[in-house]
Amino acid sequence: MQTIFRAPLAAVMALALSAALWDASPATAETTWADPATLETALETLQPGDTLALRPGRYPRLHLTRGGAIARPVTLRAADAENPPVFPGLILRGADHVVLDGLAFHLPGGTEVDRRFARVEDAQDVTLRRLRFLGARRPDDTGVPRPWGFGLSVTDGTDIEILDSEFSGFARGLVASGVERLTVARNLLHGMRVDGMNFAEVGDVLIEDNEIRDFDRVEGAGDHPDMIQFWTRGTERPSTGITIRRNVLNSGTGSFTQSIFMRNELIDTHQAGEDMFYRDVVIEENVILNAHLHGITVGATLGLTIRRNTVARNASSDGPYDNRNLWTPRINVASVSRDVLILGNVVHGLPEPGWDGSWTMVGNQIVQDRIPGQRDHYDQVFFGVSPETPAMLADFAARPGGLLDGREIGAPRLVAISAELDKGAPAALPDPGARDMRGVIRLDPAQGAILSDGGAGSAPFERDIGGPTIIMGDTIEPLVLTREMTAPLFDASRFAIRMRLRARGDFRTAGEILRLHQSLMLRSTGRGAFEIDVRSAEGGRTILKSRPTRLYRDDEPLELIVAYDGPVGMVSILINGETVGRKPFTGTLRPVQSWGLSFGNPFGTKLSFDGVIEEFEVRTDPGDLSDVFSIIDTSFVR
């Protein structure tokens, strides 16, 4: 008797359906090659799962209105990754399950071009990977060409990924609104005029491992540049579920911008209630190097974590006027926010906790670049920050022996860099203990270098000048000591500057000798007199001019001393041991902004003294100045 096994009908149907799906999957997908002439025809024949490989060339605008299927997207990719196809625009509207890989989109010039030349609208399951968006310039109201247009606009989409792509030279790089489940990761944005990334009414957003740097902004044009901006003005729902993680935001060689700026305009202007609060926001492990108050600024929010970010000032990006508070980035949070955690950040300033008791601020490290010699000053905290050069990541690694050394605090990327760097202090002398450098800047002729006190707990710094003397003259690049080396003069209430000075000609060699920008300036006149202009942190100013000397008439050098015996006292000028001028002065030296000590005029717009400094020394330690002031007191004739 024959036994027949009969499977249930439902099981048979399921098995047949599974086999049919298997047969119709990748095995049936095709790769088609296309060029500018055949692109339109190739797009019409694409089926779910197909790949279209695009040969190099200049194509017409890419217009996609149909896509693939779940787990079987249509893919358009560059046939040659080193020579991508170039499109003058993109419209991807209502096309789901699409992958664009390795393509280039260049915004054309001309007034007829739509500023939103690359758009993804009403689409879901779209991946944009390894794309290049290049902007164009248009004349502004003054006729100067400026970055213009939007790099990529994404509206009303779901499950959108923007990965490993580059945006450069636009007014705004990426603008997204009405998007759910959006990932923006590992992209480079640079050369923007206004905004890097701009978001409104988005949900479940991951902004991770991007680099935004070097804006090409226009000061005075009314722009309000932000590297990452969220806003609620004119919207009907807030953005929620936002994670901004492990990004590098560096103003670099560009001018100041706001960094992460999430103002909640509808709440600030009392146009909405709690229903419009941002919700579930995480900002963590970012490096922010910029020069604007808004380092991380978040408006009204329910559920906010700001954790392990390093937020520091890039002094080379400072604004045009003297306002250190405005040019120093910090963390700011609206006081009405609730359930706020601010943990393990390195930053200049933190917000005042909100009133409802749901805030926790623990383990943050405050750092500053205003009062040198302090343990929390940049010179003591970071590896090698210089106000004269654009910020680089390695500069902000932990300084050996400083407050951050060996601590898991601030951006993990900088902690990792710290572990890789040489643990020797930057420009340190081999045997600092053998030298008495407390509060001193000194020319060492034997080494052909200028040495400077490195501050508490640090070795002196050294600046090679290539010879035993400081040679001066009219140049747009005079010798300028870094602010780090100029630290002994910061906030000094007593100091003496001594030099042996020799002119290299007649009265026409007169000019600026020293400048501590907006704090102290010393110059010689055509009659051989010396003039000192000194300003205090408290707003005072004294200009003292000595009587004429034989600076240009003798072959012998002059011994010149400029001294201040404050904080309430006199500024004095001594020539060859004789006091030739005194004038009252009160306070401490005005803090220097971006410049250190310059030998000669550093801007190339005025004459610098043409001569040689054979000896040079600055002393600021009150316990090391008694000999100088005793000479002043005994030699001055009233």
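The basis for the numbers below is simple: all heavy atoms, side chains too, and nothing from hydrogens, waters or symmetry mates.
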Q.
Using side-chain heavy atoms (C-beta onward) and a distance below 4.5 Å, is Leu326 in contact with His292?
A. yes
Q.
Pairing donors with acceptors under 3.5 angstrom, does anything connect the side chains of Glu265 and Thr232?
A. yes
Q. Counting heavy atoms not belonging to Met392, are there more than 12 under 6.0 Å from its CE?
A. no
(Q) Show the nearest heavy-atom pair for residues Ala136 and Pro108, with the distance to one decimal. (A) CB-O, 3.9 Å
Q. Do Phe599 and Ile450 come within less than 4.5 Å of each other through their side chains, counting heavy atoms only?
A. yes
Q | N/O donor-acceptor pair under 3.5 Å between Asn314 side chain and Ala291 backbone | A | no
(Q) If I compare all heavy atoms of Phe170 with all of Leu134, which pair ends up nearest, and what's the gap? (A) CZ-C, 3.3 Å
Q) Any sub-3.5 Å donor-acceptor pair from Asn286's side-chain atoms to Asn247's backbone N or O? A) yes
Q. With side chains defined as the heavy atoms from C-beta onward, is the minimum distance between Arg535 and Ser519 less than 4.5 Å?
A. no
Q) Is Asp216 salt-bridged to Arg146, going by a charged N under 4.0 Å from an acidic O? A) no
Q.
Using side-chain contact (heavy atoms from CB on, under 4.5 Å), reason through Ile212 and Met192 one step at a time and then give a plain yes or no.
A. CA-CA 9 Å; Ile212 307 176; Met192 301 300 155; 6.0 Å; no
**Q.** Atom pair CG/OG of Leu520 and Ser598 - distance to nearest 0.5 Å
**A.** 11.5 Å
**Q.** Sidechain-backbone polar pair: Arg61 side chain, Gly89 backbone, donor-acceptor under 3.5 Å
**A.** no
Q | From CG (Leu62) to CG (Leu90), nearest 0.5 Å | A | 5.5 Å
Q. Are the side chain of Asn187 and the backbone of Glu166 linked by a donor-acceptor contact shorter than 3.5 Å?
A. no
Q.
With a 4.5 Å cut-off on side-chain heavy atoms, are Phe461 and Leu481 touching?
A. no
Q) From Phe150 CZ over to Phe167 CZ, what is the distance, rounded to the nearest 0.5 angstrom? A) 13.0 Å
Q) Mind checking whether Asn309 and Ile331 have side chains closer than 4.5 Å, heavy atoms only? A) no
Q) Any sub-3.5 Å donor-acceptor pair from Asp280's side-chain atoms to Gly303's backbone N or O? A) no
Q: Answer whether the closest heavy-atom distance between the side chains of Leu152 and Ser165 falls below 4.5 Å.
A: no
Q: Please answer whether the main-chain N or O of Gly344 pairs with a side-chain N or O of Asn364 as donor and acceptor at a distance below 3.5 Å.
A: yes
Q: Using the six-membered ring wherever Trp is involved, compare the ring planes of Phe396 and Tyr378 and label them parallel, tilted or perpendicular (cut-offs 30° and 60°).
A: perpendicular
Q.
Main chain of Thr301, side chain of Asn264: is a donor-acceptor contact present, judged purely on distance under 3.5 Å?
A. no
**Q.** Donor-acceptor contact present, side-chain Ser259 to main-chain Met227, <3.5 Å
**A.** no
Q. In terms of side-chain heavy atoms, does Thr257 have a donor or acceptor partner in Asn290 at a distance below 3.5 Å?
A. yes
Q) How far apart are the closest heavy atoms of His224 and Asp226, and which atoms are they? A) O-OD2, 2.8 Å
Q | Approximate separation, where rounding is to 0.5 Å, of Ile296 CD1 and Leu304 CG | A | 9.5 Å
**Q.** N-O pairing of Asp209 and Arg246 below 4.0 Å
**A.** yes
Q. Is it the case that Arg217 places NZ or CZ above or below the six-membered ring of Phe256, under 6.0 angstrom from the centre and within 45 degrees of the axis?
A. yes
Q. Tell me, do Val179 and Val120 make a side-chain contact under 4.5 Å, heavy atoms counted?
A. no
Q.
Is a donor from one side chain sitting under 3.5 angstrom from an acceptor on the other, for Ser177 and Glu201?
A. no
Q) Any idea which heavy atoms bring Val202 and Glu180 closest together, and the distance? A) C-OE2, 4.3 Å
Q. For Val480, does its backbone N or O pair with a side-chain atom of Arg463 as donor and acceptor, under 3.5 Å?
A. yes
Q.
If the test is ring-ring contact (aromatic ring centres under 6.0 Å, His included), which one of Trp231, Phe230, Tyr278 qualifies with Phe199?
A. Phe230
Q.
Quick one: does any side-chain atom of Asn345 pair with a main-chain N or O of Val311 as donor and acceptor, under 3.5 Å?
A. no
**Q.** Electrostatic pair Asp101:Arg129 at N-O distance under 4.0 angstrom
**A.** yes
Q) Would Met521 and Glu512 satisfy side-chain contact (heavy atoms from CB on, under 4.5 Å), going step by step from the backbone distance to the final call? A) CA-CA 8 Å; Met521 191 270 285; Glu512 204 164 299; 3.8 Å; yes
Q: Working to the nearest 0.5 Å, report the span between CD of Gln365 and CG of Leu350.
A: 10.0 Å
Q.
How close do Ile342 and Pro351 get, counting heavy atoms only, and between which atoms?
A. CD1-CG, 3.7 Å
Q | CA sep, side-chain torsions, deciding dist, call: Glu211, Leu188, side-chain contact (heavy atoms from CB on, under 4.5 Å) | A | CA-CA 5 Å; Glu211 182 178 1; Leu188 170 63; 4.0 Å; yes
Q. Do His348 and Arg370 touch side chain to side chain, with heavy atoms closer than 4.5 Å?
A. yes
Q) For Glu284 and Arg245, what are the C-alpha separation, side-chain angles and deciding distance, and is it a salt bridge (Lys or Arg N to Asp or Glu O under 4.0 Å)? A) CA-CA 5 Å; Glu284 63 181 1; Arg245 175 191 297 142; 2.8 Å; yes
**Q.** For the student: nearest non-hydrogen atoms of Ala78 and Pro84, plus distance
**A.** CB-CA, 4.3 Å
Q: Would you sort out whether Glu161 and Thr127 count as a side-chain hydrogen bond (donor to acceptor under 3.5 Å, both in side chains), showing the intermediate values?
A: CA-CA 5 Å; Glu161 293 184 318; Thr127 298; 3.1 Å; yes
Q | Worked verdict on Arg313 versus Asp318 for salt bridge (Lys or Arg N to Asp or Glu O under 4.0 Å) | A | CA-CA 9 Å; Arg313 177 167 166 261; Asp318 275 2; 2.3 Å; yes
Q) Which value, rounded to the nearest 0.5 Å, describes the distance between Leu393 atom CG and Ile417 atom CD1? A) 5.0 Å
